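Here the structure is laid out as structure tokens; the discussion comes afterwards.
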Protein chains: 2
Amino acid sequence: MDNSETVPEINAEQRILDAARRVFTRKGFDGARMQEIADEAGINKALVHYYYRSKEKLFSEIFREAFSTMLPAIAHVFMGQGAIGQKIELFVEKYLSIVLQNPFIPLFVLNEMHRSPETFFNEFIPPDLKIRIKGVIAMFTNAAQKGEIADIDPRHLMINIMALCVFPFVARPMLQRMLDISDPEFEKVLAERKQVVSQFILNAIMIKN
Amino acid sequence: MDNSETVPEINAEQRILDAARRVFTRKGFDGARMQEIADEAGINKALVHYYYRSKEKLFSEIFREAFSTMLPAIAHVFMGQGAIGQKIELFVEKYLSIVLQNPFIPLFVLNEMHRSPETFFNEFIPPDLKIRIKGVIAMFTNAAQKGEIADIDPRHLMINIMALCVFPFVARPMLQRMLDISDPEFEKVLAERKQVVSQFILNAIMIKN
DNA sequence: GTCTATAGTTAGATAGAC
DNA sequence: GTCTATCTAACTATAGAC
């Protein structure tokens, strides 16, 4: 052991990033304090500025990371070779897996894109995202024309799928109180949604014969 | 004309309230500034404190008003005498009507209940709300037992209905960019949702014969 | 009731020692 | 690289004139 440090576990730069992630997702940009980030990182406030210059820049790092976490799910829709129903199931499964591991990201992203929409779109939306979306829309339209799914506006279908995946995470405090259930019980409900949401969507759009 | 004022339109107290509603729903509690509220009300900052003592108290007024706007829809579910399907249609219709007229309230409420959950539940949730929710849950359970709707956990059904109603309003900036549509076009999509959401839900849960 | 002026506090950011 | 001390600006809130 040639290391005389008092167990900093990892370098300061990374600790700041970890602390900032927690504080920003908890409090939002306006509610977060550089002091609180420094405290959670176990270092001095000046050091936060040393590594990341400004609150805005540090926030950008965190937001970029958070937003990009949500993107792979969309790409996934294309992967599957199967029928439209299987692709939707795959998307829901993948998307909910990611959100379950990062339950604070959805509200965090929703808020930032309201706070400064221009920055959000110019800086964080990858150029190919719109193309991918168009592909998904085309896939839905195609499936409807071939009679594989019911006749629904593909834009509404996309909104509905995202809504069913995301909503319980952004509305958790209210839902949990309204339904009067405990923390572990709500976790169980969330875990059930992979199955429930897929089933719900497929029931809604698959042609009944 | 015995009034020598320069068209204040209405008393200062009300103008402050109107300005505060706009600023708080736009920026949230942490992002809002008393100065900005005073400016939008066209009066001095000191006057805001004269009428509402503190930022917290002013915010409470606004939040109470916003949250109570969303409540009548839930009560409405009981009104209908019809079948479960009609009651759901009535709820969606009523709920979306309210949100369409107050598109900023959902995200505003979601954020505040994350910011200080304790205050939210102790101060703003009416005591009878949980009872009403239990009634709705029982209604769903009953309908499922009688075979009127598919076998779905009533809690998930309630989450799904709320999700489909609320989500496009809280995610509007992202959805609009992702789908690459203009403001009036998105308004049209929102207006369509009364029909679309009802149909989607009923397709998902009504027993096919 | 409405204003100006300012108190009191806290935030983000920097200077400079080590 | 990490700290203490401090600057500057912005915020909420109040005092006091009118």
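By convention in this document, chain letters (A, B, ...) are assigned in the order of the sequence lines, proteins followed by strands, and residues within each chain are numbered from 1. Just so you know, these numbers come straight off a predicted model, no measurement behind them.
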Do B:N160 and B:R155 pair up side chain to side chain, a donor and an acceptor below 3.5 Å, judged on atom types alone?
no

Counting side-chain heavy atoms from CB outward, which of C:dT2, D:dC3, D:dG1 is closest to B:Y51?
C:dT2

Counting side-chain heavy atoms from C-beta on, which of C:dA13, D:dT2, D:dA15 comes nearest to A:H49?
C:dA13

Under a 4.0 Å N-O cut-off, is there an ion pair linking A:R15 with A:D18?
no

Ordered by number, residues from residues 29-45 of chain A within less than 4.0 Å of DNA chain D (heavy atoms) are A:I43, A:N44

In chain order, what residues pass the side-chain hydrogen bond (donor to acceptor under 3.5 Å, both in side chains) check against B:E13, with sequence neighbours excluded?
none

Give the table of side-chain donor-acceptor pairs shorter than 3.5 Å for residues 96-104 of chain B, with sequence neighbours excluded, one pair per line with atom names and distance.
from: B:S97; atom 1: OG; to: B:E93; atom 2: O; distance (Å): 2.9
from: B:S97; atom 1: OG; to: B:K194; atom 2: NZ; distance (Å): 2.7
from: B:N102; atom 1: ND2; to: B:I98; atom 2: O; distance (Å): 2.9

Return the value, rounded to whole Å, for the distance between atom CG of A:L47 and atom P of D:dT4.
11 Å

Separation between CZ (B:F140) and NE2 (B:H156), nearest 0.5 Å, reads 13.5 Å

Quick note, side chain to side chain donor-acceptor pair (under 3.5 Å) partners involving residues 43-64 of chain A, not counting sequence neighbours, are none

Taking only distance into account, with no hydrogens and no angle test, what donor-acceptor pairs under 3.5 Å do side-chain atoms of residues 177-184 of chain B form with protein atoms, sequence neighbours excluded?
from: B:S182; atom 1: OG; to: B:E185; atom 2: N; distance (Å): 3.3
from: B:D183; atom 1: OD1; to: B:R172; atom 2: NH2; distance (Å): 3.3
from: B:D183; atom 1: OD1; to: B:Q176; atom 2: NE2; distance (Å): 2.7

Atom-to-atom span, OH of A:Y50 to P of C:dA17 - whole angstrom
17 Å

Tell me which residues in residues 55-65 of chain B put a heavy atom below 4.0 Å from DNA chain C, sorted by number, or none.
none

Out of A:V166, A:V170, A:L164, which one pairs with B:F167 under the side chain to side chain contact (heavy atoms under 4.5 Å, CB included) rule?
A:V166

